[in-house]
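For reference, the structure is listed below as structure tokens.
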Amino acid sequence: MRTSQYLLATQKETPAEAEVASHQLMLRAGMVRKLASGLYNWLPSGLRVVNKVAAIVRDEMNKAGAIEISMPVVQPADLWVESGRWDDYGPELLRIKDRHQRDFVLGPTHEEVITDLVKTEVNSYKQLPLNLYQIQTKFRDEVRPRFGIMRSREFIMKDAYSFHIDEQSLDETYQRMHQAYCNIFERIGLQYRPVIADSGSIGGAVSHEFHVLADSGEDDIAYSDSSDYAANVELAEALAVGEKTAPSQRIKLVDTPNAKTIDAVSKLLECDITKTVKTLIVNASEESEHDFVALVLRGDHSLNNIKAEKLELVASPLQMADEAAVKAKLSCDFGSLGPVELGFPVIVDRSAERVADFVCGANQDDKHFVGANWESDVKDYSVADLRNVVEGDPSPDGKGTLAITKGIEVGHIFQLGDKYSTAMNCGVLNETGKHEVLQMGCYGIGVTRIVAAAIEQNNDKYGIIWPTSIAPFSVVIIPMNMHKSHRVMETAEKLYKELSEAGVEVLFDDRKERPGVMFNDMELIGIPNSIVIGERNLDNQQVEVKDRKSGEKILLNIEEVVSHIQNLG
RNA sequence: CGGUGAGUGGCGCAGCUUGGUAGCGCACCUGGUUUGGGUCCAGGGGGUCGUAGGUUCGAAUCCUAUCUCACCGACCA
């Protein structure tokens, strides 16, 4: 491709709306242009990258035994009513009507359509397992589209759905998809982690997210420094920390005027914050005989809502108790609560339970207890994992300690079980001739999001540094003053022809621009290699080949260039 | 949905307080100049000042309504 016949569309200035690196660079490098909030045009360079990513995903999916199909973006509402998600999905689902006033949706995902398809096309267990996928545009009417391509409303996703006669078969395919995803991210060349995830509202039991590690990520991931363990912070199990010491003090009531927070109390009483506990009152579940449940954490730890609401005694969704209602019962404010003689169930975090001689609220305004102990002073309580993990906690798998990093979710795989197949009555005849509902798995990869994530992870002050696997071009020819020098032009044309014929994706910057302009544009776009041709080196029949990532330059004889570039992979 | 801020040539912005010929930089076009890291000079084209209404002799500027966008929050396969 010649730049003179291409739409390069680079720009010097960064549009004010772009916050994150990938968004800024994609705009400046001429990859995308915004059409409206969360909607983007893909320009030639951007589309080339999208297609590269899609090709790798497609190849690995095929290798893993999945079969490509294509389903419509517009879907009839009936199917969503049938699955129950017409009501459950909320405003993120864009609903439209056709000319006959029939309801349709723009597909944010395709569980309904695929389940309906398989229901009619697959009738026997002999046709299973089956894993179907598509690479296709999705639409989600995000509350707040942001970060450019990272969270747009329209995006390209690879979504696969597998169907099984039993859970064992589902698990086999799930493991195979897990491996295929690892292959994809490794082949693209990104730093990533598979993490144990919450299956969320899509339902199902087992689930992993695949995260590209980058500081601008929206999710927090806890991972072990010495094993493969990684989990979303929301889910990471928090083991007990701190030594369990024997009680050495008797409980004592002290005045703590105006000390309503853990910080204030520990400061006033001059005690370490890890020797305090805090008490949070939440609404109890309906099955419970009480109105409230007290959740007790060590002073420096924070409550994990997801863990809390999974407890039997706790109402789901989790709801903090109304302060007035608590005051009516205990006649004190939130700032003076403690687990001693509360009159409703007390659940203590594992780490809080290890603290002896602790400081806690006395359930009287402006009073706290010091030297309190579980066995002697609280007596009736249970212990559970309630808190968020923090950096330095022991890893739940027993190997190493946890660190926390930011990640960009680029893939998510689920074992759905029979949620959709039951709702939509999707089954086959089994070996005994009886109708059996299918087990399902679903596996998504954000193709366009990977493009943005790759930039987040690979850029410098000059621009994008594409991994070779997904670069829009493998090499660019940058001639110095070609329009003045016949020798330069001849060499450039020759190399362009030879590289093109060798099947190398080569860009030829034949614009009548100054060298600095070309260097800057090509570094911004992030092409992995450039061939600089100038009078200077032609005297020795040589050209310069420069690596975008390392900045290293080497001189090569002209006839060596093509094989050298090919060997770079 | 709540909070904050912004809408002026393709992009980045000034002008608004105190109403009176719509400006600057980048980009674009023409000519020259320069040529291994975003040259320099001269000339040129392009804007219903988000939209609608109002006040006024006169509105980018003041008032009202409305739309759009961004950031923070809530929410989220």
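Both A:Glu544 and A:Arg151 lie close to RNA chain B; mapped to their nearest nucleotides by heavy-atom distance, the more 5′-ward contact belongs to A:Glu544. Nearest-nucleotide positions on RNA chain B place A:Met518 closer to the 5' end than the other of A:Met518 and A:Glu19.
Of the listed residues (A:Lys12, A:Arg28, A:Arg511), just one forms a side chain to side chain donor-acceptor pair (under 3.5 Å) with A:Asp521, and that residue is A:Arg511.
The side chain of A:Arg140 has B:A77 as its nearest neighbour among B:A77, B:A27, B:A70. For A:Arg146, whose side chain is taken as the heavy atoms from C-beta onward, the closest listed nucleotide among B:C71, B:G36, B:C11 is B:C71. Comparing B:G38, B:A74, B:G37 by their closest approach to the side chain of A:Arg28 singles out B:G38. The side chain of A:Glu13 has B:C26 as its nearest neighbour among B:C69, B:C26, B:G36. Of the candidate nucleotides B:G37, B:A77, B:C69, B:C69 has the atom lying nearest to any side-chain atom of A:Lys34. Checking B:A77, B:C75, B:C76 against every side-chain atom of A:Glu142, the shortest atom distance belongs to B:C76. Which of B:C75, B:G38, B:A70 sits closest to the side chain of A:Asn520 comes down to B:G38. In the set B:G36, B:C71, B:C1, B:C71 carries the atom at the smallest distance from any side-chain atom of A:Arg144. Residue A:Glu523 places its side chain closer to B:G37 than to any other of B:C71, B:G37, B:A77. The nucleotide whose nearest atom lies closest to any side-chain atom of A:Pro15 is, among B:C11, B:A70, B:A74, B:C11.
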Give every pair of a protein N or O atom and an N or O atom of nucleotides 39-47 of chain B that lie under 3.5 Å apart, one pair per line with the distance.
{"unit_1": "B:U39", "atom_1": "OP2", "unit_2": "A:Arg514", "atom_2": "NE", "d": "2.7"}

Please list, pair by pair, any protein nitrogen or oxygen found under 3.5 Å from a nitrogen or oxygen in nucleotides 13-15 of chain B.
none

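Neither side chain, A:Tyr443 nor A:Arg176, offers a donor N or O lying under 3.5 Å from an acceptor on the other. With no hydrogens or angles considered, a side-chain donor-acceptor pair links A:Glu186 and A:Tyr192 at under 3.5 Å. At a cut-off of 3.5 Å, with distance as the only test, no side-chain donor of A:Asn62 or A:Glu68 sits close to an acceptor on the other residue. A donor atom on one side chain and an acceptor atom on the other are not found under 3.5 Å apart for A:Tyr174 and A:His164.
With sequence neighbours left out, the side-chain contact (heavy atoms from CB on, under 4.5 Å) criterion links A:Lys138 to A:His110, A:Gln134, A:Gln136, A:Phe155, A:Met157, A:Asp159. Shown here are the side-chain contact (heavy atoms from CB on, under 4.5 Å) partners of A:Phe473, two or more places apart in sequence or in another chain: A:Met1, A:Tyr6, A:Arg48, A:Leu507, A:Ile527. Partners of A:Lys461 by salt bridge (Lys or Arg N to Asp or Glu O under 4.0 Å), not counting sequence neighbours: none found. By the ring-ring contact (aromatic ring centres under 6.0 Å, His included) test, A:His178 pairs with A:His208, A:Phe210, sequence neighbours left out. Partners of A:Tyr161 according to the ring-ring contact (aromatic ring centres under 6.0 Å, His included) rule, which considers only residues two or more places apart in sequence or in another chain, do not exist here. Partners of A:Tyr496 by ring-ring contact (aromatic ring centres under 6.0 Å, His included), not counting sequence neighbours, listed by chain and number: A:Phe508.
Contacts between residues 213-221 of chain A and RNA chain B, defined by a heavy-atom separation below 4.0 Å, involve no residue at all. Listed by residue number, A:Val532 are the residues of residues 525-532 of chain A with a heavy-atom contact under 4.0 Å to RNA chain B. A heavy-atom distance below 4.0 Å to RNA chain B is reached by none of the residues of residues 444-461 of chain A. Across residues 68-83 of chain A, not one residue has a non-hydrogen atom less than 4.0 Å from an atom of RNA chain B.
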After noting the C-alpha distance and the side-chain angles of A:Glu535 and A:Lys484, does the key distance pass the salt bridge (Lys or Arg N to Asp or Glu O under 4.0 Å) rule?
-> CA-CA 10 Å; A:Glu535 284 282 344; A:Lys484 285 279 169 64; over 6 Å; no
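Across all strands shown, B:U66 pairs with B:G50; the Watson-Crick or G-U wobble distances both stay below 3.5 Å. Nucleotide B:G25: paired with B:C11 (Watson-Crick or G-U wobble, both distances less than 3.5 Å). The pairing partner recorded for B:G73 is B:C1, the criterion being a Watson-Crick or G-U wobble arrangement whose two distances lie under 3.5 angstrom.
In this structure, A:Glu513 reaches neither bases nor backbone, as no heavy-atom distance under 4.0 Å exists between it and the strands shown. Using a 4.0 Å heavy-atom distance criterion, A:Lys484 is classed as a base contact.
To the nearest whole angstrom, the two C1' atoms, one in B:A59 and one in B:C71, are 31 Å apart. To the nearest whole angstrom, the two P atoms, one in B:G23 and one in B:C49, are 14 Å apart.
When all heavy atoms of A:Ile408 and A:Ala214 are compared, the closest pair comes out as CD1-CB, 3.8 Å.
Rounded to a whole Å, the CD atom of A:Glu92 is 16 Å from the P atom of B:C1.
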